[in-house]
Amino acid sequence: ARQTLPAAPDLETLRGIEGAAAARYFAAYGRLLPASAGFTGRNRRPPRDPANACLSLGYSLAHSEAVRGCLLAGLDPMLGFLHAVSYGRDSLACDINELTRGMVDYWVWRLFAQQLLRADDFENHNGAVQLKKAGREVLFKQWPQLAVQVRARQQRVLRRGAPGAAEAHQVGDERGRGQRAAHVLDEQHADAGARPPSGAQVGLEHVEDPRAVAQPRERVVEGLIAQL
């Protein structure tokens with residue numbers, strides 16, 4: 001896929017290459033999972049098997065961490081680079097979240113490989129597979145350990161791309177923003193079926209010096225591209 005990227009003539013071709021690469025990746029990933037995961041390929045909205053239910057939830061939790069990290073760094077999570085700006089989407093958080101998807105994939109594999117989650121921890125509601133209460137307790141008990149690693153990876157990118165932005169953020173009302181972001185994350189943890197928070201829910205408030213937010217953005221995308 002990397003060899004064909006430079007020759008892609010337009011965005012649609014590039015997306016096709018990305019889709020083909022993702023299909024091959026998840027085909028190989030599925031061979032690593034035990035039968036209890038029920039994985040036959042990536043699907044979502046709704047997830048139709050236990051593994052995809054956990055993947056979607058794990059990606060959502062990591063996305064919430066990315067939104068929170070952007071806010072605490074003084075960056076608007078909705079203004080992305082690799083993901084186009086779109087109504088209601090935290091595009092910058094989506095960009096940063098791409099760097100931690102592999103960590104979530106490994107985590108989900110381990111949950112099934114070590115039999116921490118089994119087929120009877122899930123239930124099907126009109127075609128949507130969801131975790132039962134006991135399964136959610138297991139998953140959320142395991143999440144904090146991964147969350148520390150996810151935050152560390154995301155923060156390395158944010159610190160590299162936006163040095164000094166966090167200090168400027170603290171001059172404003174960092175405490176209020178941090179509490180609001182943490183509240184959104186708590187709500188996400190409480191509802192296993194929740195979608196990632198939208199920018200309207202946790203949007204960045206006015207910053208006294210707009211340059212503290214605007215100047216670092218180019219460095220953020222440079223840091224993202226360097227790690228892909």
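Side chains are part of it too, since the values below use all heavy atoms of this structure and drop only hydrogens, waters and symmetry mates.
- With a 4.5 Å cut-off on side-chain heavy atoms, Trp107 and Leu55 do not count as touching.
- Pro46 meets the side chain to side chain contact (heavy atoms under 4.5 Å, CB included) test with Ala128; sequence neighbours excluded.
- Distance check, rounded to the nearest 0.5 Å: CG of Leu158 to CG of Leu92 gives 7.0 Å.
- Sorted by first and then second residue, the ring-ring contact (aromatic ring centres under 6.0 Å, His included) pairs with a member in residues 31-51 read Tyr29-Phe39; sequence neighbours excluded.
- Here the straight-line distance linking atom CG of Leu57 with atom CD of Gln130 works out to 10.5 Å at 0.5 Å rounding.
- With sequence neighbours left out, the ring-ring contact (aromatic ring centres under 6.0 Å, His included) criterion links Tyr106 to Trp109.
- At least one donor-acceptor pair under 3.5 Å links the side chain of Asn124 to the backbone N or O of Gly127.
- Residues that satisfy the side chain to side chain donor-acceptor pair (under 3.5 Å) test with Arg118, not counting sequence neighbours, are Gln115.
- Residue-environment remark: CZ (Arg101) exceeds the threshold of 12 foreign heavy atoms within 6.0 Å.
- Interatomic distance, Arg68 CZ to Leu71 CG, rounded to the nearest 0.5 Å: 9.5 Å.
- The cluster map of Ile, Leu, Val, Met, Phe, Trp and Tyr, joined by side-chain heavy atoms under 4.5 Å apart, puts Val148 and Val150 in different clusters.
- Considering all non-hydrogen atoms of both residues, Ala66 and Ala93 come closest at CB-O, 3.6 Å.
- Scored by the salt bridge (Lys or Arg N to Asp or Glu O under 4.0 Å) test, Arg110 finds no partners at all (sequence neighbours excluded).
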Report task. Determine, step by step, whether Asp90 and His63 satisfy the side-chain contact (heavy atoms from CB on, under 4.5 Å) criterion, reporting the C-alpha distance in whole Å, the side-chain angles of both residues, the deciding distance to 0.1 Å, and the verdict. Result -> CA-CA 9 Å; Asp90 301 306; His63 181 92; 3.6 Å; yes
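- A pairwise comparison of heavy atoms in Asn97 and Ala62 identifies OD1-CB, 3.2 Å as the closest pair.
- For Arg42, the side chain to side chain donor-acceptor pair (under 3.5 Å) partners at least two apart in sequence or on another chain are Asn52, Ser56.
- Looking at heavy atoms from C-beta onward, Arg89 lies out of side-chain contact with Met78 at the 4.5 angstrom threshold.
- Interatomic distance, SG of Cys70 versus CG of Leu75, reported as 6.0 Å (0.5 Å rounding).
- In summary, of the residues considered (Leu139, Asp49, Val104), a side chain to side chain contact (heavy atoms under 4.5 Å, CB included) with Cys54 occurs for Leu139 alone.
- The closest side-chain heavy-atom distance from Asp121 to Pro50 is not below 4.5 Å.
- When the ring-ring contact (aromatic ring centres under 6.0 Å, His included) test is applied to Phe26, no partner is found at least two apart in sequence or on another chain.
- Of the possible donor and acceptor atoms, one in the side chain of Arg153 sits under 3.5 Å from a partner among the backbone N and O of Leu99.
- In this structure, Gln142 and Leu111 approach most closely via the heavy-atom pair CG-CD2, 3.8 Å.
- Considering CD of Gln154 and CG of Leu72, their distance stands at 11.5 Å, rounded to 0.5 Å.
- Every residue meeting the side chain to side chain donor-acceptor pair (under 3.5 Å) condition with Asp105, not counting sequence neighbours, appears here in chain and number order: Tyr25, Tyr59.
- Applying the side chain to side chain donor-acceptor pair (under 3.5 Å) test to Glu137 and every residue at least two apart in sequence or in another chain returns nothing.
- Residues satisfying the side chain to side chain contact (heavy atoms under 4.5 Å, CB included) test with Ala147, not counting sequence neighbours, are Glu65, Trp143, Arg151.
- Here CG of Leu131 is found 4.5 Å from CZ of Phe122. Values are rounded to the nearest 0.5 Å.
- For Gln145, the side chain to side chain contact (heavy atoms under 4.5 Å, CB included) partners are Gln149, not counting sequence neighbours.
- Remark: side-chain polar atoms of Lys132 are paired, donor with acceptor, to backbone N or O of Asp120 under 3.5 angstrom.
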